Amino acid sequence: MAFSQLAFLALVALAQAQETVLGVYIFSRHGDRTPKALPPTKLTDLGYREVYDRGSYYRNRYVSSSASSPIYGISADQVSLSQLAVSAPADNVLQSSAQGFLQGLYPPVGSELVTQTLRNGSSVQAPMNGYQLIPIALVSSGSGSEDNGWLQDATNCNNAEISSNSYFSSAEYDDLLASTSDFYSNLTEYVNGTFNGIQMTYKNAYSIYDILNVAEIHNSSFDMPDRSFQESLWLANAHEFGLAYNVSDNARAVSGMQLAGEIVTYLNNTITAGNAGKTSNKFGIQFGAYATFLSFFGLSNLTEASNDFYGVNDYASSMVFELFTTTDVSSSSFPSVADMQIRFLFHNGSSANSSDPTAFPLFGQDSVTLPWNDFVGNMSTFAIKTTEEWCTTCGNTTGICAEYAPAAGGDDGGDGSGHGSGISTAVGGVIGAMVTLAVVLGLEAIILLVGGLRVVSKKRLAGAGPSEMKA
Ligand SMILES: *[C@@H]1O[C@H](CO)[C@@H](O)[C@H](O)[C@H]1NC(C)=O
Ligand SMILES: *[C@@H]1O[C@H](CO)[C@@H](O)[C@H](O)[C@H]1NC(C)=O
Ligand SMILES: *[C@@H]1O[C@H](CO)[C@@H](O)[C@H](O)[C@H]1NC(C)=O
Ligand SMILES: *[C@@H]1O[C@H](CO)[C@@H](O)[C@H](O)[C@H]1NC(C)=O
Ligand SMILES: *[C@@H]1O[C@H](CO)[C@@H](O)[C@H](O)[C@H]1NC(C)=O
Ligand SMILES: *[C@@H]1O[C@H](CO)[C@@H](O)[C@H](O)[C@H]1NC(C)=O
Ligand SMILES: *[C@@H]1O[C@H](CO)[C@@H](O)[C@H](O)[C@H]1NC(C)=O
Ligand SMILES: *[C@@H]1O[C@H](CO)[C@@H](O)[C@H](O)[C@H]1NC(C)=O
Ligand SMILES: *[C@@H]1O[C@H](CO)[C@@H](O)[C@H](O)[C@H]1NC(C)=O
Ligand SMILES: *[C@@H]1O[C@H](CO)[C@@H](O)[C@H](O)[C@H]1NC(C)=O
Ligand SMILES: *[C@@H]1O[C@H](CO)[C@@H](O)[C@H](O)[C@H]1NC(C)=O
């Protein structure tokens, strides 16, 4: 096993100019779902298929024993929970999508591998042919996001809501609202009474497009001129990008800032673990809403790489951050950070699992790869990594943010060391950036409801192999 794996790595390394992938972070949208305007939304069979296929694709790219760019040291068939961190908000569609994706990423291992002999000699087999149980942690921001027409509502961030709201009083908004009123009133016949006449305006551009898009996919008697459909998509894109990002007002993009913090933190943990000779923290996977994508596209200047990044990304699309090195890797000599690089990849939509994601340059640069340290430096210009940073950006001063509120009596002049560093378990989950299991346990009921999943304690997660999971 070790030998064939090494031989295989050697071959791959040759084939790919000596590249070895050390860790990966994926942020993915959900698959096809029912319309937002008719909550509760749910993942459709088609959507399940889409996320499952994406999971299979990434299995063939990063995980399986014949993967094209295997993650160094990752368990190929039986999931090792310490290597994987999966999260999604408390939302039907996103939780189900994460589950479907994982079924493709780590499919059932077959009954031979999941048979145990008990003390009394009898043997038991896990159900469902060795289906692998993988916990999905909850991120608290974005709860119920697929039921929300206005996604900023789900961030809980005061300044983000104010900023996003101010889009509705911008000149751009007013212009489009006025110039499209005829267009939208002409669409009334296609939305089957879901919206009344007054609601048929640019103000509801995304919700209207959403209904049309669902009908375009599912309704055999739906017959709308393609030009009008494309126009409604174009308008929905302008609307949603306007709500998700404003170059002179970063708070609007708070969900993208949190995501940036999560990505840097996770891949940095990959490096820390590797340096300590551990085989953990290799693959981070998060499901989230398109608004978070748009905020991140704006913040990271991907919009300079392609105008397509101004548009809402399709269902089941994913962005990928590959941490890789071109030096030799072995467990005794993990590469130094100076030898590590990052590549950003994007896959738009649900097309067949054979289509590869495309590399794009981040931060308005020319190269599609960049040194880890530069990546961290650029991400850090906007990433939110602690509760304190979140509270400051959001201007929230009560609840979990009370601790960081500017002191009225001016006793705040010190170094701040009393409250600045670290995140206590109680507050960590609230910002969504730091996925703490305390939050998972607190919201166990929701996970059970949504995903039918078992929640395991942190202690067990840390050490659990697959067989313990099935105990
Ligand atoms: C062996 O132990 C298991 C679990 O306690 C029990 O379900 C099973 O009936 C036992 N078998 C025998 C033959 O006693
Ligand atoms: C932040 O402030 C907004 C508006 O006051 C509030 O709705 C939200 O719950 C607050 N968030 C947190 C985490 O306290
Ligand atoms: C972007 O932010 C600036 C400064 O707050 C504001 O003047 C402008 O109207 C905003 N634009 C949009 C489209 O929201
Ligand atoms: C709306 O429909 C009317 C009547 O069919 C048509 O004359 C007009 O051009 C349409 N307007 C737009 C913006 O599509
Ligand atoms: C409108 O949609 C509902 C489902 O949301 C359906 O039951 C109803 O038949 C539709 N109306 C027409 C006229 O097709
Ligand atoms: C399907 O589309 C037709 C034509 O636009 C519409 O009348 C009908 O209500 C739609 N059905 C559903 C379930 O929305
Ligand atoms: C990476 O982790 C190390 C060790 O925990 C820490 O000292 C360092 O500040 C982290 N760097 C970043 C960019 O988070
Ligand atoms: C993804 O596809 C949608 C439409 O299918 C488009 O509007 C959007 O701009 C595309 N995004 C990227 C980054 O390619
Ligand atoms: C695509 O997914 C299907 C199952 O959904 C699988 O049989 C097939 O091998 C996959 N193809 C590739 C190229 O990953
Ligand atoms: C993105 O582009 C803007 C304007 O060109 C620049 O001010 C900003 O520093 C860039 N941000 C990053 C992270 O590259
Ligand atoms: C961003 O990346 C570029 C190119 O690698 C680098 O020159 C620059 O110093 C980085 N910016 C920061 C703030 O680290």
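Here the structure is a predicted model, which is why all the values come from computation and not from measurement. When a ligand or atom number is given, it counts from 1 through the structure's own listing order.
Partner of Phe297 under the ring-ring contact (aromatic ring centres under 6.0 Å, His included) criterion, chosen from Phe27, Phe346, Phe360, Tyr245: Phe346.
Looking from atom 11 (N) of ligand 3 to the surrounding protein, the closest heavy atom is Asn246 ND2, 3.0 Å. For atom 10 (C) of ligand 7, the closest non-hydrogen atom of the protein is Asn268 ND2, 2.4 Å. Scanning the protein heavy atoms around atom 5 (O) of ligand 3, the nearest turns out to be Asp249 OD2, 4.1 Å. Nearest non-hydrogen protein atom to atom 14 (O) of ligand 3 is Arg252 NH1, 2.9 Å. Here the protein heavy atom with the shortest distance to atom 4 (C) of ligand 3 is Ser248 OG, 3.7 Å. Ser170 CB, 3.8 Å is the protein heavy atom nearest to atom 9 (O) of ligand 3. Closest to atom 13 (C) of ligand 3 among all protein heavy atoms lies Glu172 OE1, 3.4 Å.
From Leu187, atom CG reaches atom OG1 of Thr180 across 9.5 Å, with rounding to the nearest 0.5 Å. Summarising the geometry, atom OG belonging to Ser295 is positioned 8.0 Å from atom CZ belonging to Phe241; distances are rounded to the nearest 0.5 Å.
The distance from ligand 7 to the heavy atoms of Val376 drops below 4.0 Å at these ligand atoms: 13 (C). Interface atoms of ligand 3 facing Tyr167, defined by a heavy-atom separation under 4.0 Å, are 13 (C), 14 (O). Of all the atoms in ligand 7, the ones that sit under 4.0 Å from a non-hydrogen atom of Thr272 are 2 (O), 4 (C). Short contacts between ligand 2 and Asn396, defined as distances under 4.0 Å to a heavy atom of the residue, involve ligand atoms 1 (C), 2 (O), 3 (C), 8 (C), 10 (C), 11 (N), 12 (C), 14 (O).
Note: His30 and Tyr315 have tilted aromatic rings, judged against thresholds of 30 and 60 degrees for the angle between ring planes. The aromatic rings of Phe296 and Phe321 sit perpendicular, their planes meeting at an angle over 60°, well past the 30° parallel limit. In this pair, Phe375 and Phe363 present their aromatic rings tilted. The plane angle is within the 30 to 60° band.
Cysteines Cys157 and Cys394 are disulfide-linked, with SG atoms closer than 2.5 angstrom.
Put simply, the side chain of Arg29 reaches to within 4.5 Å of the side chain of Val312, judged on heavy atoms.
No heavy atom of Thr265 sits closer than 4.0 Å to any atom of ligand 7.
A salt bridge links Arg61 with Glu322; the closest basic N to acidic carboxylate O contact falls under 4.0 Å.
Shown here, atom 7 (O) of ligand 7 is out of close reach of the protein: none of its heavy atoms lies under 4.0 Å off.
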